[in-house]
Visitor: 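Attaching a single structure in structure tokens format; questions to follow.
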Amino acid sequence: MPDFAEPVERLIDQLKRLPGIGAKTAQRLAFHILRIAPEDALALADAIRDAKSNMRFCSVCNNITDADPCLYCTGPTRNRKMICVVEEPHNIMAIEKTRQYSGLYHVLGGALAPLRGIGPDQLHLKSLIERLKGGAVEEIIIATNPNAEGEATAMYLSKLIKPLGVRVTRIGVGIPVGSDLEYADEVTMMKAMEGRRDL
Amino acid sequence: MPLKESEAIVLRSFPLGEGDRLVSFLDRQSGRLRGVARGARLPKSRFGSTLELLSHIRIWYFERETRDLVRINQCELIESFLDVQSDYQAGIILALVSEVTEAILGEREVADAQFRLVLLTARGVRQHGPSPVVLAYFCLWTVRLGGWLGSLDQCSRCGRAMEHEPAYFSAGSPGLLCGQCRQEWMRAISPSARMLGRQILSGTLDRLLQENPSKISSNEISSFALDILEHHMERKLVTRKLLGTGVNE
């Protein structure tokens, strides 16, 4: 005999499929949804349905967008000589928040991860190379995560792109702002030293 | 809730929750364990680069009898292999080392020899690049340490010595078979590859690399050993298919 009525059980099962949501949290969320006003619950369902049916991948940069090409690819003020390569669409927001970068983007859809079976064929690399063949792009900024997978992807990309005569740069890696040097480990400190700049 | 301090190698980590990491590590004293490192994915994490793949670390963690997962409190880097993994092929070999080690060791099974083998292999890849010899060394020794390696010189069925003739194997068979005892579908392993196998089991990795054995024999040994490992793991290795036909070929 199930613990809850069938519709509630189904809702809990669906919520459990979300990342980071376990059985207890799914149960708590399900009962929260049952307690809230019907219009609020329906608004949540509508938002999920709208997002799922209206959002797609940009055919140029693979960002998630409601209009294809996305607003970054079509923006008249964007600098078309630079492309910033990121792993996932949500990484774009972290860069946009700085308001320091006005170039284009390219979303790889992940990073080289042998342990998860992700090799170069699973990433959007061909479309990036195609974008570079036009000759308008002068610099590629690789903004993959500063971990083993991100570094391997960055090195792989640089070997792939450099023969095309495009400048390849990597975002700075090292000590985070507001932290103390004494707590930095050897690798972080070494990366910070490697990436030092003139003042 | 006692705080334990030990030497460990990070085998794998997964994102958990908002900014945490679930880490699988090989503790030199207690075997393979899994634990949670709170806030490890945040920019100002106190763990820094210590939880990257195959990092050799000193680890402090809390353990509770009723819980499977330990709580990782602090890590200090002894040796990092992050720079090695910038090379894609080298990264695949290290990922395979990690995947095999995690799959063959049971939880809390003390494995000091495997611990030393993983470190030796990672250092070998750092020093010599993605060498097929280093991979063959790791794979064959892992099979040996698991207790799954039969004689490389004698037919396991009739006992006949096989020195200059090919031997035959399948992952499920207990050892190598001679040309007369073999089944038709069995794969051959050449005398030169078996000679390399004997050198791997009797010498050091440094000496072996100085002798510069052939890539074909090294790949033959790796393939033989990985077949046996996959048979005992009862699943295919995810990283093996990325090795392609062989490393550096």
Side-chain angles (χ1 to χ4, degrees), chain A residues 18-22 24-25 87-88 90 94 97 110-123 125 142 144-160 170-194, chain B residues 10-22 24 40-55 57-58 74-100 102-103 236-244:
Chain A
L18 298 173
I21 307 283
K24 287 276 176 204
T25 309
E87 288 181 20
E88 299 291 348
H90 56 252
K97 270 193 217 165
L112 295 174
L115 277 169
R116 285 182 281 137
I118 301 175
D121 293 345
Q122 280 74 45
L123 303 180
L125 295 178
I142 303 176
T144 50
N145 287 330
N147 53 25
E149 294 170 358
E151 289 293 323
T153 310
M155 285 304 290
Y156 188 89
L157 270 174
S158 79
K159 282 181 188 168
L160 206 65
R170 177 89 170 102
I171 54 165
V173 175
I175 313 289
V177 175
S179 65
D180 274 14
L181 286 187
E182 63 181 303
Y183 297 114
D185 63 81
E186 296 91 313
V187 175
T188 308
M189 199 65 217
M190 188 189 74
K191 292 272 181 197
M193 291 299 279
E194 278 174 4
Chain B
V10 177
L11 295 178
R12 204 167 181 176
S13 71
F14 308 86
L16 181 75
E18 282 290 309
D20 308 337
R21 255 184 206 290
L22 179 62
S24 170
R41 280 157 59 218
L42 302 177
K44 288 181 192 171
S45 154
R46 65 181 183 278
F47 295 104
S49 67
T50 55
L51 300 178
E52 292 300 327
L53 191 75
L54 293 190
S55 287
I57 53 174
R58 183 152 294 284
Q74 191 190 333
C75 294
E76 211 176 84
L77 200 59
I78 299 173
E79 191 173 4
S80 169
F81 297 99
L82 188 68
D83 54 337
V84 186
Q85 290 165 72
S86 304
D87 180 280
Y88 180 54
Q89 283 293 337
I92 291 173
I93 292 186
L94 295 190
L96 185 131
V97 167
S98 153
E99 188 184 8
V100 167
E102 209 202 6
K236 296 278 177 202
L237 288 160
V238 175
T239 44
R240 187 179 181 181
K241 65 172 185 247
L242 295 173
L243 286 172

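Proteins get letters first, then strands, A, B, ... in listed order; numbering begins at 1 in each.
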Visitor: Are any of the side-chain heavy atoms of B:S86 and A:Y156 separated by less than 4.5 Å?
Guide: no

Visitor: Which atoms of B:F81 are under 4.5 Å from chain A, going by heavy atoms: the side chain, the backbone, both sets, or neither?
Guide: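 Interface part for B:F81: neither.
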
Visitor: Please look at A:P19 and chain B and tell me whether the side chain, the backbone, both or neither of the residue comes under 4.5 angstrom of a heavy atom of that chain.
Guide: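 For A:P19, neither part sits under 4.5 Å from chain B.
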
Visitor: Can you tell me if B:K44 uses its side chain to pair, donor with acceptor, with the backbone of A:V177 under 3.5 Å?
Guide: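 Flag set: sc B:K44 to bb A:V177 pair under 3.5 Å.
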
Visitor: Can you name the closest pair of heavy atoms from B:G91 and A:P114 and give their distance?
Guide: O-CG, 4.2 Å

Visitor: Is it the backbone or the side chain of B:I57 that comes under 4.5 Å from a heavy atom of chain A, or both, or neither?
Guide: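 For B:I57, no heavy atom lies under 4.5 Å from chain A.
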
Visitor: Report, one line per pair, each donor and acceptor closer than 3.5 Å where one atom sits in a side chain of residues 184-192 of chain A; sequence neighbours left out.
Guide:
residue	atom	partner	partner atom	Å
A:D185	OD1	A:V187	N	3.1
A:D185	OD1	A:T188	N	3.2
A:D185	OD1	A:T188	OG1	3.3
A:D185	OD1	B:S49	OG	2.6
A:D185	OD2	A:T188	OG1	2.9
A:D185	OD2	B:S49	N	3.0

Visitor: Nearest 0.5 Å please: distance from the CG atom of B:D83 over to the CE atom of A:M155.
Guide: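 Result: 10.5 Å between the selected atoms.
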
Visitor: Between A:P176 and B:P43, what is the shortest heavy-atom contact and its length?
Guide: CG-O, 3.3 Å

Visitor: Tell me the closest heavy-atom pair linking A:G119 and B:L242, and the distance in Å.
Guide: CA-CD2, 4.1 Å

Visitor: A:L115 vs B:V238, test: side-chain contact (heavy atoms from CB on, under 4.5 Å). Steps then yes/no.
Guide: CA-CA 6 Å; A:L115 277 169; B:V238 175; over 6 Å; no

Visitor: Among B:R46, B:R12, B:E99, single out the residue with the greatest number of heavy-atom pairs under 4.5 Å to chain A.
Guide: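 Option with the greatest count: B:R12.
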
Visitor: Mind ranking B:L16, B:T50, B:L82, B:L54 by heavy-atom pairs under 4.5 Å with chain A and telling me who comes out on top?
Guide: B:L82

Visitor: Kindly say whether A:A148 contributes a backbone atom to a donor-acceptor pair with the side chain of B:Q85 at under 3.5 angstrom?
Guide: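 Judged by distance alone, no pair lies under 3.5 Å.
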
Visitor: Take atom OH in A:Y183; do more than 12 heavy atoms of anything else shown fall under 6.0 Å from it?
Guide: no

Visitor: Among all residues two or more places apart in sequence or in another chain, which pass the side-chain hydrogen bond (donor to acceptor under 3.5 Å, both in side chains) test with A:T144?
Guide: A:R170

Visitor: Does A:E194 have more than 12 heavy atoms from other residues, nucleotides or ligands lying within 6.0 Å of its CD?
Guide: yes

